[in-house]
Participant: 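Sharing a structure, written as C-alpha cells. Questions coming.
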Amino acid sequence: MAKYIFLTGGVVSSVGKGVTAAALGKLFKERGFAVSIQKLDPYINVDPGTMSPYQHGEVYVLADGAETDLDLGHYERFIDTHLSRVCNVTTGQIYSEVIAQERRGDFLGGTIQVIPHITNEIKHRIGLVPRQTHADIVIVEVGGTVGDIESLPFLEAIRQMRSDVGRENTLYVHVTWLPHIGATGELKTKPTQHSVRELRSIGITPDVIVARSDHAVGEDLREKIALFCDVESKAVIPLPTTPVLYEVPLLLEREGLGDYLVHRLGLEAPHPPDWTEWEGLVAAERAERPHIKLALVGKYVELKDAYMSVREAVRHAALAARVEAEILWVHSAELEKGRGWQELEQAHGIIVPGGFGSRGIEGKIAAGRYARLNKIPYLGLCLGMQTMVIEFGRSVLGSEDTNSTEFDRNTPHPVIDLLPEQRGIGDMGGTMRLGIYPCHLVPGTRAAQAYGVPVVEERHRHRFEFNNTYREILGEHGMAFSGLSPDGRLVEIAELTDHPFMLGSQFHPEFLSRPNRPHPLFRALVEAAAARAGLRPAERSREEAQAKPERRDEEALQQR
Ligand code: GLN
C-alpha cells in the first residue's frame, strides 16, 4: 500500500512549493524508498503545451512525451527518477474525461456534479501514480494557494483520500510564508494562522507546516505556529530562502523532517540517508570558482522560468567543470535591432534554446553566424539546432532566403521542413514529436566523444526536422550529422567540423541533466567555453568517469 503526502500552499504563491515537494521526495529517496511526485494543476488547459512561456514558464517534457509543468523538472532533478504522464493532472484533463464519459452515456442519466464525479476522477488519477510507477511514497502537490476557487475540487479530493486509503497512509503538509515587517524587524505568523484556518474549514488539518521565509525562524515562532495551528512543534519546519537550490533537502533534513515523516507514516526506512554527495554539491556550488560567461539568446528572456531546465543544466555542467557560469540573457529580437551585441562579444559560449514562431528568429540566426565566424562555442537546443542549420545553409547555398518552412513557407531552400506525415495535422495540442527517441552517435564526432557511448535516448518536442535533401551539400562543406535516428533518416545532432565546438541537437538535452550527472553536451559546451576563457580543463572526478549513461526507462523501473 502506497503512502501519500499531500502538499498545499498557503498565504502567497511562488514561495518554492515545487522545490519543497521535490526535496520531500529526496528525503525519502535517500532512505531507499521508491518515490513518485504528482502535480495537480488547477488551470483549465489540458496541458501546458499550448500555453505561452510568459504565462507558464517552461514546458517540461517527460520520457513518455507528456508536456508538463516545470515543477516536474524539479521533481526529476531531485529524485532522479523518470516520472510518467500520470504525474501531471490539470482541471482540463479531469473535465474532458468526465464530459467524454457523460457523452458516452456512462452515467446512465445521472446529473454530473463536482462532487462526486469530478472529485472521483481526481482521486482516480492520484491512484494511478502508485499503480503505474510502483512507488512506495506518492507526493501530491496541489498547485495554487489555499483559498483559490480553482483548486477547491482538488482539495476536496485529497481530503477524501484520508478516509479512502486510511489515516495512517496519508499526511498533509502545508507550505506557508512568514512575511517580514521591516519597521519592527519581525516575522509574522498571522497569515499562516489564517491559511491553516482556511484549510481546516474545508476539512483538512495539516500534519506538518513548512514555514518559508527570507529570515531565520526562531524557536519562539516555531512554538507559536505549533500552538495556533495545532501541530507538534517538531512538525513546524522553518525553511529560510537559500540561493543554493540543492540545499533545500539538507535544510529539511537538519530540521528533522525526514525522520518525522517516516515515523508518522509508520514506516521503517530501508537504510539511513547518506547526504555526502549532496553536501558535496552544495559545497562545490558555494566554493569560489573561476568565472565564465554564457550568452543565452532566447525570446522569453524576461521570464527566466521559461528556461528553467537550461539554466539548471548549465549550473550542473559548470559545477562538474569547477567553474561558475554566469548567464547573460540576450533577447534575440533585440539583436535584430542592433542591441545586445555587447553581451555576445563578452560571452565565452552561446546557447540558443528552443522556441516556436518567427519572432526573434533572425536574431538567433545572427547569433549563430557570430558564433561560427568568431569560433565561439555554441550549443543549439532544438530550435537552436534549426537556426544553426539555417545559418550554415545560407552561407553554403549563398542564399539569405534559406529558411525553415516554419518561418517562410515559400523559401527556395527549406533546410528545415515538416516531415510528410506531419503535414496534415491541424491540432496544436500534443501533436509534435514528443518524448524519448533513440539517437545513434557517429563515431569520431564531437557528439560521440562527449557522450562516450554509441546510443542515447533523448527527449523531443518539435514539429520540424532537418531536410535530408541538403545533407550532402552541407556535409561537403563541413557540417557533420553526428546523431541519427536508428534508421538513419532523421538528423538528431548536427555539428561543424571546422570549429572548436558548434553543435545543435534536435532534442532537448536539458531535460536529462541532473545535479550529480550533468548532461554530456552541456558539459562539452562549458568545457569549450572555459577553454576559450583561458581556463585549463578540470580533471574529471573518479565518480564521474564511472558514472553510467542515462538508463533506459524500463530498466530504471525494473531496478527499483
Ligand atoms: N519550432 C521548432 C519546431 O517545431 C522547434 C521547437 C523547439 O525548439 N522545441 O520544430
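Just so it is clear, the structure is predicted and the values come from calculations on it, not from any experiment. Ligands are counted one by one from 1 in listed order, and the atoms in each one are counted from 1 as well.
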Participant: Determine, using heavy atoms of His508 and all atoms of ligand 1, whether some pair is separated by less than 4.0 Å.
Facilitator: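 For ligand 1, residue contact (heavy atoms, under 4.0 Å) with His508 is present.
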Participant: Considering the heavy atoms of Glu406, write down every atom of ligand 1 situated less than 4.0 Å from one of them.
Facilitator: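 In order of numbering, the contacting atoms are 1 (N), 2 (C), 3 (C).
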Participant: Is Glu510 paired with Arg459 through a side-chain N to carboxylate O contact shorter than 4.0 Å?
Facilitator: no
Participant: Establish, yes or no, whether the cationic atom of Arg433 lies under 6.0 Å from the six-membered ring centre of Tyr437 and within 45° of the ring axis.
Facilitator: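 That pair qualifies as a cation-pi contact.
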Participant: Should Arg394 and Glu391 count as an ion pair when the cut-off is N to O under 4.0 Å?
Facilitator: no
Participant: Have a look at ligand 1 and work out which part of Met432, if any, has a heavy atom under 4.0 Å from it: side chain, backbone, both or neither.
Facilitator: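 For Met432, no heavy atom sits under 4.0 Å from ligand 1.
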Participant: Pro48 versus Tyr43: any side-chain heavy-atom pair under 4.5 Å?
Facilitator: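 The answer is yes; the side chains approach within 4.5 Å.
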Participant: Heavy-atom distance to atom 5 (C) of ligand 1: which of Pro353, Gly355, Gly380, Gly357 wins?
Facilitator: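 The nearest heavy atom belongs to Gly355.
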Participant: Give me the nearest non-hydrogen protein atom to atom 4 (O) of ligand 1 as residue plus atom name, then the distance to 0.1 Å.
Facilitator: Arg463 N, 3.0 Å
Participant: Which heavy atom of the protein is the closest neighbour of atom 9 (N) of ligand 1, given with residue, atom name and distance?
Facilitator: Arg461 O, 2.8 Å
Participant: For atom 7 (C) of ligand 1, what's the nearest protein heavy atom and its distance?
Facilitator: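 Its nearest protein heavy-atom neighbour is Cys382 SG, 3.1 Å.
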Participant: Would you indicate whether Asp487, at its atom CG, is surrounded by more than 12 heavy atoms from other residues, nucleotides or ligands within a distance under 6.0 Å?
Facilitator: yes
Participant: Do the side-chain N and O atoms of Tyr95 and Glu121 include a donor-acceptor pair separated by under 3.5 angstrom?
Facilitator: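 Checked: Tyr95/Glu121 side chains show no N/O donor-acceptor pair below 3.5 Å.
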Participant: Can you name the atoms of ligand 1, numbered from 1 with element, that are less than 4.0 Å from a heavy atom of Gly354?
Facilitator: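 Answer, ordered by atom number: 8 (O).
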Participant: Among protein heavy atoms, which lies nearest atom 10 (O) of ligand 1, and at what distance?
Facilitator: Phe464 N, 2.8 Å
Participant: Starting from the C-alpha separation in whole Å, work towards a yes-or-no answer on ring pair (Phe, Tyr, Trp, His ring centres under 6.0 Å) for Tyr246 and His316.
Facilitator: CA-CA 11 Å; Tyr246 301 108; His316 306 156; 5.7 Å; yes
